[in-house]
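Quick caveat: nothing in here was measured; it's all calculated off a predicted structure.
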Amino acid sequence: MDVKKTENQTSLVFAINGEKFELSSVEPSTTLLEFLRTQTRFKSVKLGCGEGGCGACVVLISKYDPLHDRVDDFTASSCLTLLCSIHGCSITTSEGIGNSKQGFHPIHQRFAGFHASQCGFCTPGMCVSLFGALVNADKNNPPDPPAGFSKINVSDAEKSIAGNLCRCTGYRPIADVCKSFAADVDMEDLGLNSFWGKGDSKDEKIGKLPQYDRDRDRKNIEFPMFLKEVNHDLFIASEKHCWHKPSSLQELQRLIELNHGNEIKMKIVVHNTAMGYYKDREGYDKYIDISGISELLKIKKDQSGIEIGAAVTISKAIEVLREENRSDFISDFVMILEKIADHMNKVASGFIRNTASVGGNLVIAQKNKFPSDIATILLAVDSMVHIMTGSKFEWLALEEFLERPPLAFESVLLSIKIPCLETIKSEPLAPRSRFVFETYRASPRPLGNALSYLNAAFLVQVSSCKDTDGTMIDTCRLSFGGFRNKHAIRAKHVEEFLAGKLLNVRNLYDAVNLLTATATTIIPQDETSESAYISSLAVGFLFQFFNSLSDSSARITNDYLNGYTHLPSVKASNIKENQNQATLLSSGKQVIVAGSEYSPIGEPVMKSGAALQASGEAVFVDDIPSPPNCLHGAYIYSEKPLARITSIKLRQELELDGVRDILSSKDIPNGGENLGAKPTFGKETLFAEDIARCVGERLAFVVADTQKLADMAANSALVDYSIENLEPPILCVEDAVERSSFFEVPPYLSPKNQIGDISKGMADADHKIVSSEMKLGSQYYFYMETQTALAVPDEDNCITVYLSSQGPEFAHSTVARCLGIPENNVRVITRRVGGGFGGKGVKSVAAAVSCALAAHKLQRPVRMYLNRKTDMIMVGGRHPMKITYSVGFKNNGKITALHLEILVNAGIYPDVSPIIPGNIAGGLKKYDWGALSFDIKLCKTNHPSRSAMRAPGEVQGSFIAEGIIEKVAATLSMEVDSVRSINLHTYTSLKEFYEGSYGEPLEYTMPLIWNKLDVSANYELRVNKVKEFNRISTWKKRGISRVPVLQEMHLKPTPGKVSILSDGSVVVEVGGIEMGQGLWTKVKQMTAFVLGAVQCDGSGSLLDKVRVIQADTLGMIQGGLTVGSTTSEASCEAIRLSCNILVERLKPIKKKLQEKMSSIKWEDLILQASTQAVNLSASSYYVPSSSTSYLNYGAAVSEVEIDLLTGETRFLQTDIIYDCGQSLNPAVDLGQIEGSFIQGLGFFMLEEYETNLDGLVLEDGTWNYKIPTIDTIPQQFNVEILNSGHHQHRVLSSKASGEPPLLLAASVHCATRTAVKEARKQLRSWSNLDESDSTFQLEVPATMPVVKELSGLDIVQRYLKWKMDDK
């Protein structure tokens, strides 16, 4: 990009963090994110999804409004914002609000101090989202807050990051950071932090927080004066493309007319947010930015209604609609506008609403059948749209607009009008008519950032009936939308039926049946998997709405009210008060015991580098500046599960334009191997050679000048397949069994497959369940940073690879074997990983090898950042499995025998799958089954190979155990908790089931935890409260469940090295990789503790002198894989051994110095040792003994509430007690416990990762794969870390915390099952069926459709029929 010094209309002018940029030539498809990451030093903005769905790339955009002489500040997704659209704007990134050079912002400091950052990849985006909310809140009129606080309230503070995804933390500490800025925060509600201690008063706590000063802390983003003079009319051209920004409709008409009939490809944009959903598969010649046309930005209000320009953003529309709520008494129209605004506020996320236009949303709904909420709600209020086609202007009803053929390019939507609805005049003394309006959406995320399964809006005119006390329906408009391939539509049959009817049970029952009968005309029937659910939602919304219209004395049912019913006599002020009551999304208590015996070990020390992560200065692989002549790679992968590859071609224009090479198996050098991964259990090819054996298998590697071009070329590749003479693919475990397609499990990994006498156990049983089945699906890692690598060729046939990996050593050896070079020619460097969870183990190797192969061949640096869709298709994820079991048990619930047959879908390559049977067995053994036997088979299928994912096998085994316990309890009609309690291990049974890791009797803390949790979580009291709630509540049911976890942990050999430099500072190297789990922090603490044994003056500050540096496979060999939760403690032990060597070397020096001086400083000691040629570097290799395996214990109580009309599950409260031994760092362990639990919650409740019949992943982005967000975590989240006693065989008596808590999330699923059981019991009572129906299977994940189906898709019809029969 050329930079010009002179300003004119053909230069793009903007500022980033106060720096001026002026560009004379820009490729118009360039996004702001792309520019920031490739053309500037500001790397805090991260590419997480490229869809506007994760928040990792959020920036603050400041824009001068000359009309009002003010600066508007708003957050936006830089991955969707086109660079040309920020002409005249000032951009602020997380580095811009504060950094290590100029001082961190209080937001950064509080993120660090509240332990709210783990891997840190998402943290800068979180900081900017919160900063944007503070900036705008402080512009408001409310009274000035106390010193150190913002004008924001706690509710808005929490919601500021509702669109930001985090896979590590569990969100609770992030919520604390946000709340800490709100003047109305309850300081007691803020969790564990590094600022204050126990017993500090409120004033002391406030004083110790990093102080927020809105005037001082905004100085970094003062709007540059030179931007106020910028001419906003813009025309900018590159070699092949151009960007126009017309300022009037006439200019727009000329541009369209000029290109009419030409073959020029044009794109009209406002802010380009539609690209998040509809990706650009090809380039455009001309872009027309209509965001500066005044006619499209107008907001006109008069007696006939309110007209909103098509280019007005959704956020601005919400603001305008809410401005109308100023009258003393609420009018029907103001009520409608308010409801529309409320619903719009749940569309997308804040940083998308800030740039997405209302008109753009309607246009993609009309042209592409986008599942729009806005179209639905505006359809219900009889909105109009204003269209310009050439010189012709016309007003259309929105309904007609939606039904027309897709809008032609020359047609432009100008504005949308919401008409004012006059209430009908009544005769004197007669009850007056009124309008009632309500909107609905069923979505996996309450606060938005998720498409709805169904949305609806109902506008009804009602009046009091003269002859009865009832309510008459005069007219109604009922609209439904949110469909994936059909626009919003009205239920006209139902409207016509209800018009003129009295609102009563019979008429509502008939209306519901009519809606069900005519559902085929409303709901697209090709959505077969969910069409029944969507139809049921429609009925539920209709029932919910009309029930709320009944007078309280005659209400059909009185315990389900959504919001409030607007009556003409209700004052606006009262409504506002109800609306603005702060609703906390999350709260929690943390109980820890900080250790002092091994200080600073055991203390809740702030995570190493947390503030750098928050400011965005922490360097990830893709943040490393590209070396000169760097190329970029992308994969062409198979779209067939088993097929012969006959040819691979690129479109001709791409071949000629920046694509440098396409590498395949044919490009492996002589002496090299076609090797993509070489784990212990079998190799994986880098590229398919002739036959692709699964969807997602790598076929070729496109290398191009830019990542965008490489991705575009790979996406448009034409691959010819042939299936001639090939057997059908194996795509399910049943087929694998039929064709005997299995992987072998080495004997040393095969678990002991029988404990006790199964035959005797079955014979002793009073009851048996025989051949019962359950299935478990997969889960995607959703690390925020996808697979990424940078390979740089070096002299003498050497190569250096920078890699995001949990096992750089494995990548190192594989690169060498692929290239056919010695391993000492290869160096792999990993500084930090932006989330791993097992997916950056074996799965990261291919990225390193692909880039290294291309760099080796082309002798140029090559890097790759895998796009999210490709990552999701190729990476495999958690192992799905099918379980068949038979269980015998006594009348009291004591299980006597259990036999299982488990079929594991391992995919096409072994990867690490052979460890899975042993891990499943470990999870299963959590209960005393009396006798246990199992047969676990690893099925080889034509799916991408599955790999380890956090608690691999253990989470499935543990959940299978819970499922069996639930089934036994249901069969006996017993309380599940009683069955769990009676089957908990005694120490005797524990020794039988966990040979070699059971420990001493005092180490078995499960009984203590189980009973302690009963008391601390008020379990019995809450069980009774849940029962009472369920007795009186018809449409919501609650469930509560208590679940234990036992997990076997194994330490691995780990290297470590400590070097003391001449100034006394310390450098540490370990084999373990920092990926957010706090490994570096614990290692620093261990270093400071052991070196502190020298006892120099001032050595108390040794912690600040220690730096842990990146993993380098030539600097530290035998690093192994950072997996299994125990690498932190193993690394600490390796460092302890190294430090002990150094301490022994230093003690004699100190002793000699003491003879000369009374006080010895650490720096003086080191200088003296250095002078005396003492070796100040020590290495060690920790090899654990056989006695270092141990068991982790914990338990959780979770309480949920399900909505029987939608299937939504709200997670009300979770209480966890977890045994960390003697925690090395309670703050780090607390974060691991919370984050792991929330990732498990995603697996059990939210995350669907399914494939089609060919094995192609269906959920391939943020639009359809939903990890937990801040609004889907437990509202009350309490964690207690139990510091159990001393254990000589463990590292300073510590225990792991990374994986076992994930298993506790099964408590949420079990609680949901309890709630569903109550719903089914109620449903049967309406049909006068008393017999038990509690042996149903609740699928994993228990998504809204799953819960709804089990609770009764026809629940409304059955309820209304029961009410009619009852009368």
Side-chain angles (χ1 to χ4, degrees), residues 305 332-333 335-336 339-340 343 365 372-385 396-404 418-424 433-442 454-465 470-483 486-525 534-550 556 562 565-566 1205 1356-1357 1360:
D332 292 341
F333 186 53
M335 171 270 293
I336 288 168
K339 293 275 185 176
I340 291 172
H343 192 109
S372 165
D373 281 71
I374 293 175
T376 307
I377 56 179
L378 294 182
L379 179 62
V381 295
D382 201 18
S383 298
M384 306 284 290
V385 293
L396 292 175
L398 176 60
E399 186 171 11
E400 182 185 346
F401 173 67
L402 293 173
E403 289 171 352
R404 280 190 173 186
I418 305 170
C420 184
L421 302 174
E422 292 289 332
T423 51
I424 294 174
S433 295
R434 59 187 173 90
F435 283 101
V436 183
F437 179 67
E438 190 59 80
T439 72
Y440 300 89
R441 76 189 313 262
L454 181 75
N455 50 60
F458 307 142
L459 176 65
V460 177
Q461 188 178 8
V462 295
S463 57
S464 299
C465 184
T471 300
M472 182 69 72
I473 302 168
D474 299 328
T475 61
C476 57
R477 290 177 65 94
L478 313 172
S479 66
F480 296 93
F483 314 118
K486 184 177 180 178
H487 58 68
I489 193 168
R490 285 170 57 195
K492 292 186 178 177
H493 292 86
V494 184
E495 292 175 0
E496 291 165 6
F497 170 79
L498 285 171
K501 295 279 196 312
L502 190 66
L503 181 58
N504 58 31
V505 177
R506 164 56 67 183
N507 285 332
L508 187 49
Y509 179 69
D510 290 344
V512 159
N513 284 332
L514 181 60
L515 180 60
T516 306
T518 58
T520 54
T521 64
I522 300 171
I523 297 161
Q525 291 308 294
I534 293 170
S535 179
S536 181
L537 281 177
V539 166
F541 290 161
L542 194 73
F543 169 75
Q544 193 175 336
F545 177 73
F546 281 107
N547 174 60
S548 69
L549 292 187
S550 303
I556 299 165
N562 183 28
T565 301
H566 283 280
L1205 292 180
V1356 169
Q1357 294 92 318
L1360 291 171

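Of the inter-residue distances, the one linking L402 atom CG with K486 atom NZ reads 12.0 Å to the nearest 0.5 angstrom. For the atom pair L398 CG and I374 CD1, the distance stands at 11.0 Å (nearest 0.5 Å). For the atom pair CG (L498) and NE2 (H493), the distance works out to 13.0 Å, reported to the nearest 0.5 Å. Between the NE2 atom of H343 and the CG atom of D373 there is a distance of 3.5 Å, given to the nearest 0.5 Å. Put simply, CZ on F480 and CG on N455 are 10.0 Å apart, with the number rounded to the nearest 0.5 Å. With rounding to the nearest 0.5 Å, the separation of CZ in F543 from CG in L508 is 6.5 Å.
Across all non-hydrogen atoms, the minimal contact from G500 to M472 is O-SD, 3.3 Å. Shortest non-hydrogen contact noted between V436 and F545 is O-CZ, 3.9 Å. When all heavy atoms of D382 and P419 are compared, the pair lying nearest together is O-CG, 3.3 Å. The minimum heavy-atom distance between I377 and F437, with the atom names listed, is O-CZ, 4.1 Å. Heavy atoms only, all atoms of each residue included: S372 and A365 are closest at CB-CB, 3.8 Å.
Between V462 and L503 the shortest side-chain heavy-atom distance does not fall below 4.5 Å. Taking the side chain as every heavy atom from C-beta outward, T475 and V460 never approach each other to under 4.5 Å. Put simply, the side chain of I340 does not reach to within 4.5 Å of the side chain of T439, judged on heavy atoms. By the 4.5 Å heavy-atom criterion applied to side chains, D474 and S433 are counted as neighbours. A 4.5 Å side-chain heavy-atom check between R434 and D332 finds at least one atom pair inside the cut-off. At least one side-chain heavy atom of L542 sits less than 4.5 Å from a side-chain heavy atom of L478.
At a cut-off of 3.5 Å, with distance as the only test, a side-chain donor of T516 or Q1357 sits close to an acceptor on the other residue.
Using cut-offs of 30° and 60° on the angle between ring planes, the pair F458 and F546 is parallel. Ring geometry, F541 versus Y440: the interplanar angle falls under 30°, so the pair is classed parallel (tilted spans 30 to 60°).
Counting only distance, with no hydrogens or angles, the side chain of N507 and the backbone of L502 share a donor-acceptor pair below 3.5 Å. Using a distance-only test at 3.5 Å, with no hydrogens or angles considered, a donor-acceptor pair links the side chain of S383 to the main chain of L378. Side-chain atoms of R477 come within 3.5 Å of backbone atoms of L379 as a donor-acceptor pair (strictly under, hydrogens ignored). S479 places no side-chain N or O within donor-acceptor distance of the main-chain N or O of I489, the cut-off being under 3.5 Å.
For E399 and K492, the salt-bridge test passes: some basic side-chain N is under 4.0 Å from an acidic carboxylate O.
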